Amino acid sequence: MSSPATLPTSTPQSPAAATPGGWWAVCLCAAWCGTCGLYRPLFDELARAHPDVRFEWVDIEDESDLAGDLDVETFPTLLIADGQRALFLGPLLPQAPVLARLLASLQAAAPGSAGAGGEAQGVFERVRAARSQ
């Protein structure tokens, strides 16, 4: 049986490998959120299992400058980007297989998919700038 942290791996022909900057999975959370606390170990396991995807944990209260004006109402909220464009921003069930399926579907559709919008793009650009240093 496969681990719940199993994500599809990138190959040289895959969108993940072909996109400059690589894939990002950013969890927007809060320290006081019990659900986020339970999700964190699964998120970290996914990060270890898939070094080809950059996983970042952002506490939107401690790092409010990264969240900007984004109003996060449900935790955890995930932002997925292909390295250049934010492709998804929204709440996600705190289960590793759910994130795995979402990431796989976005990677498969990435070349022709629309971005997640200006607000999502702004959050991604701030996170990328802060965490790429």
Side-chain angles (χ1 to χ4, degrees):
M1 183 177 199
S2 66
S3 163
T6 301
L7 289 176
T9 56
S10 298
T11 63
Q13 294 77 31
S14 76
T19 304
W23 285 83
W24 289 62
V26 179
C27 185
L28 303 171
C29 64
W32 53 262
C33 174
T35 301
C36 292
L38 295 172
Y39 187 50
R40 181 74 189 256
L42 295 173
F43 192 80
D44 291 345
E45 182 181 345
L46 285 165
R48 285 188 298 277
H50 300 280
D52 57 323
V53 177
R54 177 131 183 202
F55 287 78
E56 293 289 339
W57 191 265
V58 175
D59 185 310
I60 64 164
E61 292 178 344
D62 291 344
E63 299 179 276
S64 60
D65 55 322
L66 298 182
D69 292 334
L70 179 67
D71 186 19
V72 177
E73 296 179 11
T74 303
F75 294 104
T77 291
L78 273 286
L79 172 95
I80 309 293
D82 66 3
Q84 299 299 314
R85 294 176 304 138
L87 299 174
F88 174 86
L89 175 64
L92 200 68
L93 289 174
Q95 301 167 356
V98 174
L99 176 54
R101 285 191 305 271
L102 174 62
L103 187 57
S105 68
L106 289 171
Q107 286 177 325
S113 60
E119 190 172 44
Q121 187 66 31
V123 173
F124 173 60
E125 288 173 5
R126 288 188 296 275
V127 170
R128 181 176 56 189
R131 299 294 172 89
S132 293
Q133 299 172 1

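Since we're looking at a predicted model, the values are computed, not measured.
- Looking at Phe124 and Asp82, their side chains never come closer than 4.5 Å, going by heavy atoms from C-beta outward.
- Contact of the Cys29 side chain with the Pro76 side chain is not registered, since no non-hydrogen atoms from C-beta on lie closer than 4.5 Å.
- For the atom pair CG (Leu28) and CG (Leu70), the distance works out to 6.5 Å, reported to the nearest 0.5 Å.
- Atoms NE2 and CG, on His50 and Leu103 in that order, are 8.5 Å from each other to the nearest 0.5 Å.
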Using atom types as modelled, flag every donor-acceptor pair under 3.5 Å from a side chain in residues 32-41 to any protein atom, sequence neighbours excluded.
residue: Trp32; atom: NE1; partner: Glu61; partner atom: OE1; Å: 3.2
residue: Trp32; atom: NE1; partner: Glu61; partner atom: OE2; Å: 2.9
residue: Arg40; atom: NE; partner: Asp44; partner atom: OD1; Å: 3.2
residue: Arg40; atom: NE; partner: Asp44; partner atom: OD2; Å: 3.4

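- Scanning both residues, Leu79 and Ala86, for their nearest heavy atoms gives CD1-CB, 4.0 Å.
- Distance check: Gln95 CD to Leu42 CG gives 9.0 Å after rounding to the nearest 0.5 Å.
- Across all their heavy atoms, Gly83 and Trp24 have their closest contact at CA-CD1, 4.1 Å.
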Report task. Decide yes or no on side-chain contact (heavy atoms from CB on, under 4.5 Å) for Ile80 and Leu99, but give the supporting numbers first. Result -> CA-CA 10 Å; Ile80 309 293; Leu99 176 54; 3.8 Å; yes
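- Here the side chains of Phe88 and Leu102 are in contact, with some heavy-atom distance below 4.5 Å.
- Heavy-atom minimum distance, Ala67 versus Val123: O-CG2, 3.7 Å.
- A side-chain hydrogen bond (donor to acceptor under 3.5 Å, both in side chains) check over residues 63-78, counting only residues at least two apart or in different chains, returns the pairs Glu63-Arg131.
- Distance check, rounded to the nearest 0.5 Å: CD of Glu56 to CZ of Arg128 gives 12.5 Å.
- Asp59 contributes a side-chain N or O that, together with a main-chain N or O of Ala31, makes up a donor-acceptor pair within less than 3.5 Å.
- Of the inter-residue distances, the one linking Gln107 atom CD with Trp23 atom CH2 reads 5.0 Å to the nearest 0.5 angstrom.
- Between Leu78 and Phe43, the closest side-chain pair of non-hydrogen atoms falls below 4.5 Å.
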